[in-house]
Amino acid sequence: MSATAAIPLPALHASHAGIWLREANGETRGVSKGEAINRAADTPVLMINAPLVASRLGYPDLNGLDLLELYAFIHPARFCVPTAKGLAQALDMEPPTGDDAVAEFLQRAATRLLQGCEQPDWAEREGAWSILQSLAKLRWPWAQVVAPHIARPAQAEKWLFSRLPEWEDAPERPQPKQVAMEEEAVAASLARLTGEGAERREGQRAYAQSAAQVFAPRERDARPHVLLAQAGTGIGKTLGYLAPAAHWAQESGGTVWVSTYTKNLQRQLRSESRRAWPDRRRDGSRPVVVRKGRENYLCLLNLEDALQGGFTGRPAILAQLVARWAAFSADGDMIGGDLPGWLGTLFRKRGITALTDQRGECIYAGCPHYRKCFIERSARASAQADLVIANHALVMINAARGRHQGQAPTRVVFDEGHHVFDAADSTFAAALTGQEAIELRRWIIGPERNARGRRRGLAARLADVASYDDAGGEAVEAAIEAAAALPSDGWNQRLIEGAPSGPVEALLGQVRSFTYARDESGAQDAGYGIETEIAQLDGPLVEAAQEAGVTLAAIRKPLMALGARLEAVLEDAPDWLDGQGRARIEGARHSLGWRVDLVAAWESLLARMGGPADPDFVDWFAVDRNDTREFDIGIHRRWLDPMKPFAKVVLEQAHGVMLTSATLTDRAATGDGGRIEDWPHAIARSGAPHIDLAPKTANAASPFDYAGRAEVLIVNDLKRGDLPALAGAYARLIEAAGGGTLGLFTAIKRLRAVHSRIADRLARAGLPLYAQHVDPIDTGTLTDIFRDDRAASLLGTDALRDGVDVPGESLRCVVMEAVPWPRPTILHRARRLAAADEPGGAKNYDDRIIRARLAQAFGRLIRSRDDAGHFVVLSSAFPSRLLSAFPEGTPVIRLTLDAALARVAAGPPTGKAPAAASEMQIDEKDMPY
Ligand code: SF4
């Protein structure tokens, strides 16, 4: 095959603008949905992203030769945006010129990929031939096409599990030296990071000096240095805190944790940290480590099981492609690491999940792959690192679990600090639900009888203790017997039928009918989840709670007894306990401890039924539903103020903690058009007052020219609830902007309805529209696609409001469908009520939430000095008191949709000609309050 000759297979492309089929002989024509489906059923056709094509054709069972699968096989662990344009970039080819040229491009791209396998310098050759043989047995559609292009290796290839390198044990790091940092040293460290000749930024220098304060030696036990630093976008905050962090780590020999909320920032930190640290130290260890929760990493034992028959059909093909990837992956991170985010969606999501250690079933040193395990490698590397990049939840969990072992993070920078409250809220939550209870059952008993695979229960994981130690064996048996009373497979169907089995299912059945009887949120008709407060309970429900409580206590007691036995075995090691057994028992002891805590939390939740409420907590019943089914039922508990446990668990044992963000404080209006940072609320939300600490504060204003480069347009002539008008407004705004628009919604239903009305129209105009909750693509990949195509637009909900970091031309316009009011949930009501006595009262509580959301959404628009664009809110009811959410000086214009379209069509503000003063006046006349 020559470089330009196309593979002799038909190719199919479907977008919202139409469907094209290219025959093997080179003719391209538009076809109907029916013809496309028939052709794909008759002959294997080339396509890109088969699930997306299937959803465009409205035919979920579509099969074909997906070029993304081929790419994942030939170039595992290599980044590729999963579109024709993205594939062209990854393969260094000219992208297709339009939708009608995609099918022809697919033929050329397939040819290029296959030719790559014939090149002697193919970087990912190792292992390909062997895995292809397995894929052929699994009838992977590509296998026959690929086979002629991959030569059989002269020597047999090593199996993945023998090829992966082993991690090495290292001695524990000594505690860090106490270091006082001089101003000059911090300035010099910053200068080193920003580079010779870099523009000297005073804001960044002052910020770095403030950040250095958290690394000072602590003066008293449980009294960490706490700094809250508001850092306007563009001041260079990352290098601002990395400078003192790097200097401190070098001088003290200690570890700094930087915690983020989004994967984007994690990626950015990884790359910025290269200015301060080399990739490897002289001894080969890594000074910077990205650390995630264990559920993110590939479990090699699960993979081995999947490869050896645990998975069948399409998931078995996925397992082979994951094995290809594992051999080339930098760290085995399956979620947001170098495994393409789209690979799971080409198969089915659960396939990826089943390859990670979701349920804590790890058997540690009992695992044949223990010495090569990605999770163990990452945990060991982080213990030796100068900088650990993690996320908020993991830092909190590590602080809680490492508390008694001296392994809790002690110097922590929480970047994206405005999310610490939400992360603490979910980390310290408790929920006794059907899903949670069945997980516990499986962890103790093992899988249900008809389940495939190697998953095992406590008895198998602790087989040696059970057989050598009588008391241990009895405890395992008692726990298994008691856990049989927990919900089992089919529990939710039994509840719907009113035939629960066992006391916990019986309780959940009562919770379900009680919630349906009491919920008045209106979500029932809309097909969303429903909830009700725990109050005025009837006798049967209280009795059911008591019985379930007895059941849980009967599970907790043998688990505690087992924990005590494991401790005794470790302390007084018997003959049968070798090094590996010890490591396994230590692992089991920790995971047992978390389970005991979990069950105790459930018991205390049940003990409260029928009794007085604990003022520290908000409890409620919920039935989680989507359009088609109920997926969980249970009892939920949140802290009224989750920063209370945060202060105890994280702050109290730390030496220095910094919370930083561009939106850490609320900005209230001063009356003369200015802004004032609301520090009292930011301080209260940091948790510091719970341990009687007064944190230091710092503020660095953004250097960006918001007044000249951004405009807030509040469209005031759209009728609320008029869906066709809303959809029309979105379509016209996207057309006026020429794409490059991020559309934010507060309800998934409205997002879907708008998307279905406008996607075809926009696609025909060459403006592709993607949407979260519509396209079968994960959010990270959607953002990659959006970033990659100047003409594309993206619709989404909360996750996009502050997870999208798209500097440059690809994002020129943000459109919000409405003022983002908080959802009036039971939890929100309780916190709102608690805020009633604060200055500004409950109303100000809501306003702060909305302003924070507006500020985050606005923050998507201007990511760099050269960015410019419009921020449009489609709401006539936009109270003026919320406008202080936007940076000072940003023009805010209330206008009709037509006037807004004219401004958007004229292009982003250039900073040269500010809008006429009269237009910038805020028209307050008809504003509702
Ligand atoms: S050590 Fe645990 S997580 Fe690692 S591969 Fe083995 S079972 Fe999986």
Query raised in the report: Does L193 offer a backbone N or O that forms a donor-acceptor pair with the side chain of R275 under 3.5 Å?
Result: yes
Report task. Answer yes or no: are there more than 12 heavy-atom neighbours, outside D92 itself, under 6.0 Å from its atom CG? Result -> no
**Report entry** Separation of N49 CG from W342 CH2 (nearest 0.5 Å)
**Finding:** 9.0 Å
Query raised in the report: Are any of the side-chain heavy atoms of I352 and L318 separated by less than 4.5 Å?
Result: yes
Query - Distance, nearest 0.5 Å, that separates CG of D415 from OG1 of T262 - result: 8.5 Å
Query raised in the report: Ring centres of W167 and Y370 under 6.0 Å apart?
Result: yes
Report task. Rounded to the nearest 0.5 Å, what's the gap from CD1 on I389 to CG on L394? Could you check? Result -> 12.5 Å
Requested in this report: Measure across P76 and F328 and return the closest heavy-atom pair with its distance rounded to 0.1 Å.
Outcome: CG-CD1, 3.6 Å
Query raised in the report: Would you say the side-chain atoms of Q133 pair up with the backbone N or O of W129, donor to acceptor, closer than 3.5 Å?
Result: yes
Report summary line: Contacts of E416 meeting salt bridge (charged side-chain N to carboxylate O under 4.0 Å, His left out) (sequence neighbours excluded), chain-then-number -> none
Query raised in the report: Side chain of S273, backbone of L269: donor and acceptor closer than 3.5 Å?
Result: yes
Query raised in the report: Which heavy-atom pair separates S32 from I19 by the least distance, and what is that distance?
Result: C-CD1, 4.0 Å
Report task. Can you spot which of R286, R377, R291 makes a side-chain hydrogen bond (donor to acceptor under 3.5 Å, both in side chains) with S382? Result -> R291
Requested in this report: Taking atom CD of E168 as the centre, report whether more than 12 heavy atoms of other residues, nucleotides or ligands fall under 6.0 Å from it.
Outcome: no
**Report entry** salt bridge (Lys or Arg N to Asp or Glu O under 4.0 Å) assessment of E35 paired with R39
**Finding:** CA-CA 6 Å; E35 188 180 350; R39 276 304 294 272; 5.3 Å; no
Query raised in the report: Would the number of heavy atoms belonging to other residues, nucleotides or ligands and lying under 6.0 Å from CD of E94 be above 12?
Result: no
Query raised in the report: Do M334 and Y297 come within less than 4.5 Å of each other through their side chains, counting heavy atoms only?
Result: no
Query raised in the report: If you measure only the distance, is there a donor-acceptor pair under 3.5 Å linking the side chains of D386 and W277?
Result: yes
Report task. Would you mind reporting whether E304 and F161 have side-chain heavy atoms less than 4.5 Å apart? Result -> yes
Query raised in the report: Heavy-atom count around R139 CZ within 6.0 Å, excluding the residue itself: above 12?
Result: no
Query raised in the report: How far does CG of L67 sit from CZ of R112, to the nearest 0.5 angstrom?
Result: 13.0 Å
Query raised in the report: Using a distance-only test with no angle check, is there a side-chain donor-acceptor pair under 3.5 angstrom linking E272 and Q268?
Result: yes
Query raised in the report: Do the side-chain N and O atoms of R173 and T255 include a donor-acceptor pair separated by under 3.5 angstrom?
Result: yes
Report task. Could you tell me whether the side chains of N391 and T260 share a donor-acceptor contact shorter than 3.5 Å? Result -> no
Requested in this report: Applying side-chain contact (heavy atoms from CB on, under 4.5 Å) between L12 and each of L46, I37, L57, report the one that passes.
Outcome: L57
Requested in this report: Evaluate whether atom CZ of R152 has more than 12 neighbouring non-hydrogen atoms of other residues, nucleotides or ligands under 6.0 angstrom away.
Outcome: no
Query raised in the report: Side chains of S285 and D283: do they bring a donor and an acceptor to under 3.5 Å?
Result: yes
Requested in this report: Find out whether W325 and F73 are in side-chain contact, i.e. whether some heavy atom of one side chain is under 4.5 Å from a heavy atom of the other.
Outcome: no
Query - Atom of T97, atom of A101 and distance for their closest heavy-atom approach - result: OG1-CB, 3.8 Å
Requested in this report: Could you tell me the separation between the CZ atom of R294 and the CD1 atom of I375, rounded to the nearest 0.5 Å?
Outcome: 4.5 Å
Query raised in the report: Strictly by modelled atom types, are R787 and S810 linked by a side-chain donor-acceptor pair under 3.5 Å?
Result: no
Query raised in the report: Among side-chain atoms of D66 and W142, is any donor-acceptor pair under 3.5 angstrom?
Result: no
Report task. Return yes if a side-chain donor-acceptor contact under 3.5 Å exists between H149 and Q115, otherwise no. Result -> no
Query raised in the report: Any luck finding a side-chain donor-acceptor pair between T356 and E295 under 3.5 Å?
Result: no
Query raised in the report: Does E124 use its side chain to pair, donor to acceptor, with the backbone of R324 at less than 3.5 Å?
Result: no
Requested in this report: Could you go through the side chain to side chain donor-acceptor pair (under 3.5 Å) check for T781 and D784 one step at a time?
Outcome: CA-CA 5 Å; T781 305; D784 288 339; 5.0 Å; no
**Report entry** Value rounded to 0.5 Å, distance of NZ in K137 from CD in Q320
**Finding:** 9.0 Å
